[in-house]
Asks: 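One structure is given below, represented as structure tokens, and several questions about it will come after.
Letters A, B, ... are given to chains in the order of the sequence lines, protein chains preceding strands, and every chain is numbered from 1. The analysis underlying the following values was restricted to heavy atoms, covering all of them including side chains, and did not include hydrogens, waters or symmetry mates.
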Amino acid sequence: MPQIFSPKADGLARLTIWGVAIAVVVALGVTFLLMRSPYATAVGLVRDQPVPFSHKHHVGGLGLDCRYCHASVETSAFAGVPETEVCMTCHSQLWTDADVLEPVRESWATGAPIRWQRVNSLPDYAYFDHSVHVAKGVPCEACHGRVDQMPLTRKAEPLTMSFCVDCHRDPAKRLRPKSAVFAMGWSTKKSRAELGHYLMKANGIQTETLTDCSTCHR
Amino acid sequence: MTTAADSSLHAAEPGSAPVVADRGLSRDVSDVVLERPTSRAWLIWALASLALTMVFAYAILHLFIAGVGIWGVNTSVVWGLALTNYVWWIGIGNAGTLISSMLYLTRQDWRSSINRFAEAMTLFAALIAGLFPILHLGRPWLFAWLVPYPTTMGLPPNFNSPLVWDFFAIAVYLIVSLTFWYIGAVPDFATLRDRARLRRQQVFYGILALGWRGSAGHWRRYERAYILIAALATPLVVSVHSVVGLDFAASVAPGWNEPIYPPYFVVGAMYSGFAMVVVLAAIIRSAFNLHAYITERHFDLMGKMMLFGALVLGYSYAMESFIGWYSAEDMHLSIVVYKATGDYWWVFWSLIACNVVIPQALWFPAARRRILPLVVIAILINIGMWLERYGIIVFTLSHGHMPSGRADYMPTVWDWALTIGSLGFFLLLFLVLVRLVPIVSMHEMRKLLRGRVQ
Amino acid sequence: MTEPRPRYLLNFADETALKSALDRLPSDKLEIVDAFLPFGDEEIAERIGAGRNRLNLVTLVGGLCGAGFIFALQAYSFLVAYPFDSGGRPSLSWPAFLIPTFEIGVLAAVLAAAIAMFRANGLPRYHHPLFEVPRFERTTQDELALLVRSLDGSYPGGRDALLSFGATSVSEVWE
Amino acid sequence: MSADKHTLVDRLSRARQSGAKGPSRRTALKLMGATAAFSSLAGCVPPREEIVPYVDMPEGMVPGTPLFYASVSPTTGCGVLVESHDGRPTKIEGNPDHPMSLGATDAASQADVLDLYDPLRTEAVHRDGDLTSWGDFVASFRTRVRAHREQSGQGLAILTGAVRSLTLAGQLDSLSETMPEAAIYRHEPISDAATRAGAARSFGEPALPFPHLDRAEIVLFLDANLFAEPTTGVRHARDFAARRRARGGAGDFNRAYAVESETTTTGASCDHRLALPPSGIDRFAHALAARFGIGPEAGMDSDPADRFLDQVAADLDGHRGRGAVVAGRGLPAEIHDVVNRINVALGNAGTTISYLPPVDPGLDTLPGLAQLQDDAFAGRIDSLVILDCDPIYSAPDPERMRAALEAVDVTVHHGLYLDATAKACDWQIAARHFLEDWSDVQAADGTVAICQPLTRPLKGGRSVHELVALMAGDAVTAPHDLVRRTWQNRFEQEGADGGSFQERWRKVLHDGLVPGTGFTPIAPELAPAPPASSDASMPPKTDGLEIALSPDPFLWDGRRAANAWLQELPRPVTRLVWQNAMFLSPHDGAALDVSDGDMVRVKTNGATIELPATVQPGQAVGAASLHLGFGREIAGQVQNAQGVSAFSLRPDTDTWRLTGAKISKTGDHRPLLRTQHDFDTPDARTSEIVSLADYRALGPKEREEPPESLYPERLDDEGYAWAMVIDQSACIGCGACVAACQAENNVPVVGPEEIARNRDMHWLRVDVHQTPDETPETRFQPVPCMQCEKAPCEPVCPVEASVHDHEGLNDQVYNRCIGTRFCQSNCPYKVRRFNFFDYAGDPIQEAEQTPTEPSLLQALKNPDVTVRGRGVMEKCTYCVQRISAARRDAKVDGRALADGEIKTACQAVCPTQAITFGDKNDPGSAVSQLREEPHEYALFGHLGTRPRTTYLKRVVNAAPDLASDGHDGSEESG
């Protein structure tokens, strides 16, 4: 009886078995990493905006407070995106001829709103409330990153469920005194752990209910 | 290659049971696969089952596009035929491994004739059974959330849920059954490899045989592994249907919340499984002329097993009703009365007839040894067991605690399409399989027969 | 590498013939390398000293590892990864965990047994010198065979002498 | 769920669902506020979403935070507060300051907000069905009106329903002044004519009796379904329930009797109910009057009725000045007269009953539909303007009405819908929904509330005030100016005590009502009794079935027929949806050989209708009841193919009873569309009752310990622990809670086909339990999610979509749900609801919907509640969005939540305040105290589920002499 398989077949068989095994492990690993990578979470995402608004210039350079434009951040779930009127408060005086500001002037003139492209987006079934986070000392920077260093707004954090839950379990490491909530790049000389512990107490934050599903989903 | 001298060894007429020559055995069984005599009957069956498979596929496609609303399920009876079929198929899927492993452990040699296709039946039935819980989901594409894997949500599945237990039980059962079946078939693949004369058959079976050489050492390790797996598979089978029973027993619904469910489900599974094996055995035996290997004695023994099942089930039904009365819990009693006299009284009485009353005919040897009555009884048992599962779901769900929440259930054409279609798919898989894999375990038959030859 | 020495495959028509040959083969001249059977036979394996294994232990260890892993995973999931209240069940609801533990334990044990068996048997092995031997194919059907090796170069009398031990055929096997 | 909203699968399903239903026309909602437009992109880049800020934000607005505006519903006259999210009105609440609301609304008012976004509403102006413009209409109509004006209005006619707006009334008055020859007609299909006429007989002027049920100790309802009245029902229910609160072992209880044909919410809420056919009710009224020396001596003809009469008479006699006899609109004027005289004789008139002048005196003084038809045929009408009524639908003879319209030269229809009348008219002008319009509406007690718009007209509708101003040749046409002018004039007449007009006006708008506008009751001074003819006082027993007509409690006269929420809102007692049916007593059902769903043919007054019958235990023998308001044609569709209009059976618009009708079985069968099939109470666990005497004998609460659990306690006494207690003594089964829940929680409508498959979506249902007697006792039990502490639904969910939170809520996480439905199969209360199809796509009213063009109905959705997609289980959440909002507000302020700060939607709307919600860990909270009540119980508490929703048993103040009848069910307790 002649051999059905050539001597190479054994090598091939071993290669297949190990290959499949390794491929499965690698595929799982790659998927695991990919789901946490910017590819899936869109960290670093920048969108074309009608006006190339620079937080770097306005916040980092001019030192505008976040609340000047995002006015409802302390009172509403929605932080608020400035009305054309807010832009025009300054830009009716400054850079009145700048080409990049043409859409703003046009909006002001015609009454047609500026259509911004959302960068930080949560699914509709996740309910996030800016006001309560701000009130409890969660800084803007925790989710939005160093916007004072962003010439164009980009997504700074993955904003996945684990990202949220991570902080809801242990907010202490991110909490700041209320005066520093809107600050960028703030740091403290005190012990971070001690400060966090103190703020948790002072703000009456109980983590127990923070990981309840109904906290964010309803 | 073969010579006249070779075949003269221990030659005997095939079919003149019980004296069967080794060589004749290998040839008889292998030829079914290698020569593939395509009978008209096979073609008709294959085409019919292919058509039903298309129905199955279309019913699934439509389900995914339109949603489970196409079924008759409603706010009260949230489960319907999908889960009836699931329990029924998993029940059938239990028998193969049960026959194979349990009878193997108890050294019931006669199992060798039937274990191979019974295991295949298990595989296919479990495969189809496993489909139904997924199909029945409102959002089947999220099925993967039952698997514990690291998600970006950071959420594990709920290990308290009987459905997660189900998932583990069925997935494990499928893998173990496949392993068990495949390991059992490896030496036979070697036989086919060596008997094959066509290159593609040699390669095909050669790959499957893994280079099996039948060395004494191979055999020794092989048999050790086989008995270990059999010993593990037996409790696994019991656990699988117990877990299915827990889907119901772990609830608070009247009529489900009963500790008898797990054992009663296991017996029911074995019962319907044996009935299905009888039907398949009868078909295979006549289709491939394997009267020598699947004998009347086999049918007789399986008939006795079914009779045993009928008695245990009868006892279970009686206990269910008795406990309903004995517990003095009015809802419990109410459901017992509802079963027998309510909207679905015909289901209840039909299942009693099919599962308990009619199988009593098996007390008579004539009913066990003659194929026709036995097959008729087996088919009735399968129908009865399907009705039992249907009843388990609709009795309780249409008659819950809340009077205002009581509503009827009426399956729609899509429910039936999926039910009938799954039967077709099962048949198709089986019909294809019998032409690819030896349907009787040759190496076990050889071992069984060698004593008689000498 | 030593110089190639021929090995002989002795085919037997049945078990009796093979067993009597085993009794008669001169062990000082011939080494019984292996036996090939169409069915398992513990006695022959024992006589030629083949196939001893520790599958029982491997299976046990495999099963325990699988069960331990899944139990630990469940406990980790509920105690650490995301503790939650499901119908008032305790976080470490071990009775519920036992079912996946059992299932995965069985799975791991079965896979351990299967993989260990194939590994110990050196399978898959698609190319093998024995497959060159035409008569070898009968060993998966209706004949039994012994593979013997002469201890000193070549067996006196060669094939014909070997036939006298009751073999129906003798084939030379070259590495 | 929006995450899945745009998957191919769902879109396909939507297409499939909408294949046969609904118009496909849609309009993009152009909101000034922030809206998000979606478009999907392949790959991992998140979908593009836009943020569209205001150019110039209105004052006082905070994006993402709802605002409440006071307004008023023109149908009910009850003040409302409307919740608006970024310019989108989404929810209506009652105005606590308004005397007819006191913070609650009826069920139908909850659904008003759906009409605002209804895609079926007609748009702008059409001429003979073709779209044209308001400008064209004005150009064409102005010359015509000018011509009429020159002839002092000759040939001009206006048809309206009841006029509840003072501004409109004033406009019509001034129009009549300038054009004295112009004819103004009234057509109110559901009229109080007999009630007013009865008062006119008794007191010499038309009036409507207004019982103060909080003052009455003995109440007798004579065919009076008072709680279902749109204008006064909410207040009556509140007053009634105030006298039925069993608390702390005591209870200041009234005793209520009802004599009625059909089981109504009012009758079912009484302690004793006697079922009589209409003629029997008349007889009962006369017999009762006779006991107090009014009219000839009479008795009833059966023993139970006699005993009932004896007891009622004795009770009323024993509580002179503290009782009330109330007669329903279906009774003839002479019975109203008799009842008024009884109340005067007992000293109830003026103390427990006020007699109020009708809101629209025109109903008594102006000609009606019959006159209009005659005038039209006589050629006396050249131009007819119909203001928001549908006479072709509601006229006794639709064909005559249609012919009358054809006989008129130019007809103009002003209304919300393109109904049969609009189609028969030359001009169709879209009216404004009240949430788009300025107006002022007078409630039944006279209180005027200002209706202010929350959005611009979504369909380009025109205000009725503007249209009438155009006819009157008024220089002012803007509705705001017209309404403002009315009040400026009035305030000026009243004098300047209230400060400047601007200040007063601002306050009126803010508060939602004009103070001091309530009616002064008329003095109940009896006119001499008209000579009673013997046959009038004792109506003869008629042969055959008497048909009793009544308005559907939700659709009323059909004006809300297009409202899918109301069509699908289970009717009290019968739990029928999407259809009306003929109610027969079991006795009459057997005599006609019909059972539930058998079709019957009704022939009378030259009209024939066919509709299914339902055999209702509790229905009076000899009476067949039928509801009006169904079967109206709107936008070319009959609004509910299953419902049938019964208006055509009436000989005239004031007739409520039909005798001599031929009722026969057709042989067809059509299964009834209802959301409950089994009404029996199998055991005491579901809806036990307790008699008042037994209740008073109950000691302090000995908590019935739930069965032992093997599991440790996971919920502790720290933090909030939400709980709800529902008082079954107070519940009248009106269904307002169900409608409020639907509006608050984006609960979809499924349509009659799905209802027929037993798939309803209401998170909260009002179960009806009836004792299996011949004269059954009906009990209502609202069933929301029980929020079990040991919830059976949770451990069976494989993915923790159903899971407990630390405050005791049984969370349902829609985005996690994979749709196994195991939770519902394991829920003993069956409170969970499954999206078998993509119901949120609204298959009833919507066709295909593209992501770039959001449908108008999407704007109705409460943005704080996830819209559930196909294949997802949903259920009552205790309005977790309200809990969360209140909790976040409290957290921002750094304080704890106060008791009563959170009101669930069902609680807020409940007219009888039967629902209490709060923190059970706070021993001072209302809910904690109710949980200590001796008659508090858990539904199926023996199952060990430990529900957080518990009930107070219905306490019945049975009359001792009638208790043995089984009406009160006191034997069944225990």
Side-chain angles (χ1 to χ4, degrees), chain B residues 64-79 83 133 136-143 145-146 153 155-167 247-248 250-254 256 329-331 334 393 396-397 399-410 412, chain D residues 4 7 9 12-13 16-17 575 675-683 685-686 754 757-761 765 767-769 781 783 792 794-800 803 816-822 824-830 832-838 869-873 940 943-945:
Chain B
F64 284 170
I65 291 173
V68 290
I70 60 171
W71 293 342
V73 282
N74 59 52
T75 300
S76 298
V77 189
V78 285
W79 293 348
L83 287 197
H136 128 108
L137 294 180
R139 305 201 292 170
W141 53 92
L142 299 177
F143 164 70
W145 286 350
L146 263 69
M153 294 171 289
L155 280 172
N158 183 1
F159 295 105
N160 288 313
S161 169
L163 284 183
V164 171
W165 306 342
D166 256 358
F167 163 73
D247 283 350
F248 301 98
S251 77
V252 298
W256 284 359
E329 217 276 90
D330 38 7
M331 210 40 235
S334 164
I393 287 167
T396 288
L397 288 180
H399 194 78
H401 284 101
M402 209 72 200
S404 63
R406 290 177 189 160
D408 300 345
Y409 168 73
M410 184 55 74
T412 64
Chain D
D4 308 314
T7 61
V9 166
L12 284 170
S13 88
R16 193 204 67 80
Q17 272 289 298
R575 315 258 349 244
T675 56
Q676 180 177 344
H677 301 279
D678 192 340
F679 293 83
D680 284 351
T681 313
D683 60 38
R685 279 172 183 142
T686 41
E754 289 293 281
R757 294 185 194 124
N758 292 320
R759 297 168 181 171
D760 58 314
M761 289 304 283
R765 56 174 200 263
D767 277 352
V768 175
H769 300 291
Q781 183 169 43
V783 185
E794 288 170 6
V796 298
C797 177
V799 292
E800 301 114 17
V803 66
R816 180 71 176 169
C817 177
I818 60 174
T820 68
R821 312 192 283 292
F822 205 161
Q824 168 75 340
S825 87
N826 206 22
C827 174
Y829 312 98
K830 293 282 174 277
R832 296 174 154 260
R833 295 294 178 267
F834 188 69
N835 289 275
F836 291 97
F837 287 123
D838 184 24
R870 194 190 90 195
V872 170
M873 190 62 84
F940 301 133
L943 295 176
T945 52

Asks: Between B:Gly72, B:Pro133, B:Ser251, which shows the greatest number of heavy-atom pairs under 4.5 Å with chain D?
Replies: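 Most heavy-atom pairs within the cutoff with chain D belong to B:Ser251.
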Asks: Quick one: pull up CG in B:Leu397 and NZ in D:Lys830 and give me the separation to the nearest 0.5 Å.
Replies: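 One finds 6.0 Å between CG of B:Leu397 and NZ of D:Lys830.
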Asks: If I measure from the heavy atoms of chain B, does D:Val803 come under 4.5 Å with its side chain, its backbone, both, or neither?
Replies: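 Neither part; nothing is under 4.5 Å.
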Asks: To the closest 0.5 Å, what do you measure between CD (D:Gln676) and OG (B:Ser404)?
Replies: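 Rounded to the nearest 0.5 Å, the CD-OG separation comes out at 5.0 Å.
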Asks: Shorter than 4.5 Å, heavy atoms on both sides: which option in D:Gly944, D:Cys827, D:Cys817, D:Pro792 has the most such pairs with chain B?
Replies: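 Highest number of pairs under 4.5 Å: D:Cys817.
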Asks: Heavy-atom cut-off 4.5 Å, strictly under: side chain, backbone, both or neither for B:Met153 against chain D?
Replies: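 Contact with chain D involves the side chain of B:Met153 alone.
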Asks: Of all heavy-atom pairs between D:Phe836 and B:Val73, which one has the smallest distance, and what is that distance?
Replies: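 For D:Phe836 versus B:Val73, the nearest heavy atoms are CE2-CG2, 3.4 Å.
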Asks: Counting heavy-atom pairs under 4.5 Å with chain D, which one of B:Thr412, B:Val68, B:Thr75, B:Asp408 comes out on top?
Replies: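 With the most close heavy-atom pairs to chain D, the winner is B:Thr75.
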Asks: Is the backbone N or O of B:Val77 less than 3.5 Å from a side-chain atom of D:Arg821, with the two atoms forming a donor-acceptor pair by type?
Replies: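 No.
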Asks: Quick one: closest heavy-atom pair of B:Trp256 and D:Ser825, and the distance?
Replies: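 So the minimum-distance heavy-atom pair works out to CZ3-OG, 3.7 Å.
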Asks: Pick whichever of B:Ala407, B:Gly69, B:Pro157 has the most heavy-atom pairs under 4.5 Å with chain D.
Replies: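 Highest number of heavy-atom pairs under 4.5 Å: B:Gly69.
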Asks: Is D:Arg832 close to chain B through its backbone or its side chain, or both, or neither, when contacts mean heavy atoms under 4.5 Å?
Replies: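 Backbone of D:Arg832 only, per the 4.5 Å heavy-atom cut-off to chain B.
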Asks: Are any of the side-chain heavy atoms of D:Val799 and B:Leu163 separated by less than 4.5 Å?
Replies: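 When only atoms from C-beta onward are counted, B:Leu163 and D:Val799 do not touch, as no gap falls below 4.5 Å.
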Asks: Counting only non-hydrogen atoms closer than 4.5 Å, does D:Phe834 touch chain B with its backbone (N, CA, C, O), its side chain (CB onward), both, or neither?
Replies: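 For D:Phe834, the side chain is the part near chain B, not the backbone.
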Asks: Partners of B:Asp166 by salt bridge (charged side-chain N to carboxylate O under 4.0 Å, His left out), sequence neighbours excluded?
Replies: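 Scan of B:Asp166 (salt bridge (charged side-chain N to carboxylate O under 4.0 Å, His left out), adjacent residues dropped) gives none.
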Asks: Quick one: list whatever passes salt bridge (charged side-chain N to carboxylate O under 4.0 Å, His left out) with D:Glu794, sequence neighbours left out.
Replies: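 Applying salt bridge (charged side-chain N to carboxylate O under 4.0 Å, His left out) to D:Glu794 gives none.
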Asks: Nearest 0.5 Å please: distance from the CZ atom of D:Arg757 over to the OH atom of B:Tyr409.
Replies: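 The distance works out to 12.5 Å.
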Asks: When rounded to the nearest 0.5 angstrom, what is the spacing between OG in B:Ser76 and NE2 in D:His677?
Replies: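 B:Ser76 OG to D:His677 NE2: 8.0 Å, rounded to 0.5 Å.
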Asks: So which of B:Val164, B:Leu83, B:Val252, B:Asn160 has the biggest tally of heavy-atom pairs under 4.5 Å with chain D?
Replies: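 Heavy-atom pair counts peak at B:Val252.
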Asks: Just wondering, do B:Leu137 and D:Thr820 contact through their side chains at under 4.5 Å, heavy atoms?
Replies: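 Yes - at least one pair of side-chain heavy atoms lies under 4.5 Å apart.
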Asks: Is D:Pro795 close to chain B through its backbone or its side chain, or both, or neither, when contacts mean heavy atoms under 4.5 Å?
Replies: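 Interface part for D:Pro795: both.
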Asks: At a heavy-atom separation under 4.5 Å, does D:Asn835 approach chain B through its side chain, its backbone, both, or neither?
Replies: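 Looking at D:Asn835, nothing touches chain B.
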Asks: Could you grab the distance from atom CG of D:Asp678 to atom CE of B:Met402, nearest 0.5 Å is fine?
Replies: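 Answer for the CG-CE pair, D:Asp678 versus B:Met402, is 11.0 Å.
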Asks: Report yes if the side chains of B:Pro162 and D:Phe822 come closer than 4.5 Å at any heavy-atom pair, otherwise no.
Replies: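 Sidechains of D:Phe822 and B:Pro162: in contact.
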Asks: At their closest point, which heavy atom of D:Val872 faces which heavy atom of B:Arg139, and how far apart are they?
Replies: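 Closest approach of D:Val872 to B:Arg139, heavy atoms only: CG2-NE, 3.6 Å.
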Asks: Looking at B:Ala253 and D:Asn826, what are the two nearest heavy atoms and their distance?
Replies: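 Distance-wise, the nearest heavy atoms are N-OD1, 3.9 Å.
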Asks: Could you check which of D:Gly819, D:Pro798, D:Gly871 has the highest count of heavy-atom pairs closer than 4.5 Å to chain B?
Replies: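 Of the candidates given, the most pairs with chain B belong to D:Pro798.
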Asks: Which heavy atom in D:Val796 sits nearest to a heavy atom in B:Ser161, and how many Å separate them?
Replies: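 In terms of heavy atoms, the two residues are closest at O-OG, 2.6 Å.
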Asks: Show the nearest heavy-atom pair for residues B:Val78 and D:Gln824, with the distance to one decimal.
Replies: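 Looking at all heavy atoms of both residues, the shortest contact is CG1-CG, 3.4 Å.
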Asks: How long is the straight-line distance from CG of B:Leu142 back to CD1 of D:Ile818, given to the nearest 0.5 Å?
Replies: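 Answer rounded to 0.5 Å: 7.0 Å.
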Asks: Can you tell which part of D:Leu943 gets under 4.5 Å to a heavy atom of chain B, answering side chain, backbone, both or neither?
Replies: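 Contact with chain B is through the side chain of D:Leu943 alone.
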Asks: Does any backbone or side-chain atom of D:Thr945 lie under 4.5 Å from a heavy atom of chain B? Answer side chain, backbone, both or neither.
Replies: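 Neither part.
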